[in-house]
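Reviewing the structure listed below.
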Amino acid sequence: MNKRVLVIEDHEENRRILRLLLTSAGIDMIEAVTGEGGVAAAEKERPDLILMDIQLPGLDGYEATRRIKANPALRHIPIIVVTSYALSGDDVKAFEAGCDAYVTKPFVPRELLAKIREYLAKPPEGSP
């Protein structure tokens, strides 16, 4: 069964780029365009990994990450923040919210895919 990645991103062009990257690697992509939609999709779909934008309409990526990590059934899912927020301290805020990795846009597709594969290869927390 293919690995599944939930992409929470409000810009269609960014989702299109990620869709091409993930599908070329044989990874299934689930999409959400808002923080609320992303939290709901995580609960329903139980993806193997989440790519989270920070600047989202309504619920931002920090709060969406906190809500996902607060759910015991979801907290093991790695979250990689992929954002244009690159001001000093933004990465710290993302890690404090519970993300596992932080990548700034524009990203190098090969490097992002390597990071995605790294997290997909890790056994879930709490497994032997």
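Heavy-atom basis, side chains included; hydrogens, waters and symmetry copies ignored.
Rounding to the nearest 0.5 Å places CG of Leu113 at 9.0 Å from CG of Leu120. Note that the NZ atom of Lys115 and the CZ atom of Arg110 stand 14.5 Å from one another [nearest 0.5 Å]. Taken to the nearest 0.5 Å, the NE2 atom of His76 stands 11.5 Å off from the CD1 atom of Ile68. Within the model, atoms NE2 of His11 and CD of Gln55 stand 7.0 Å from one another, a figure rounded to the nearest 0.5 Å. Considering NZ of Lys44 and CD1 of Ile30, their distance stands at 9.0 Å, rounded to 0.5 Å. Leu22 CG to Asp28 CG: the interatomic distance, rounded to the nearest 0.5 Å, is 9.5 Å.
Residues Ile116 and Leu49 come closest through the heavy atom pair O-CD1, 4.1 Å. Across Lys69 and Pro78, no two heavy atoms sit closer than the pair NZ-CA, 4.3 Å. Taking every heavy atom of both residues into account, Phe107 and Val82 meet most closely at CD2-CG1, 3.7 Å. Of all heavy-atom pairs between Val39 and Leu59, the closest is CG2-CD2, 4.2 Å. Considering every non-hydrogen atom in both Asp60 and Tyr62, the closest pair reads OD1-N, 3.1 Å. Between Ala73 and Arg46, the shortest heavy-atom distance links the atoms CB-NH1, 3.4 Å.
Linking Ile, Leu, Val, Met, Phe, Trp and Tyr whenever their side-chain heavy atoms come within less than 4.5 Å puts Phe95 and Ile54 in one cluster. Residues Ile80 and Ile17 are members of one and the same hydrophobic cluster, defined by side-chain heavy-atom contacts under 4.5 angstrom among Ile, Leu, Val, Met, Phe, Trp and Tyr. Hydrophobic clustering (ILVMFWY, side-chain heavy atoms < 4.5 Å, transitive): Leu51 and Met29 are in one cluster. Leu74 and Met52 end up in the same hydrophobic cluster when Ile, Leu, Val, Met, Phe, Trp and Tyr side chains are linked at under 4.5 Å.
Remark: Arg15 pairs with Glu12, Glu31 by the salt bridge (Lys or Arg N to Asp or Glu O under 4.0 Å) rule, at least two apart or across chains. Scored by the salt bridge (Lys or Arg N to Asp or Glu O under 4.0 Å) test, Arg66 finds Glu63 as partners (sequence neighbours excluded).
Within the 4.5 Å cutoff, no side-chain heavy atoms of Asp90 are placed close to those of Thr83. Looking only at side-chain heavy atoms (C-beta outward), Leu6 and Ile77 stay at 4.5 Å or farther from each other. No side-chain heavy atom of Asn14 sits under 4.5 Å from any side-chain heavy atom of Val7.
The backbone N or O of Ile27 lies less than 3.5 Å from no partner atom in the side chain of Asn2, so there is not a single donor-acceptor pair.
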Quiz item: Hey, mind stepping through Thr65 and Ile50 against side chain to side chain contact (heavy atoms under 4.5 Å, CB included) and telling me if it holds?
Solution: CA-CA 9 Å; Thr65 296; Ile50 297 169; over 6 Å; no

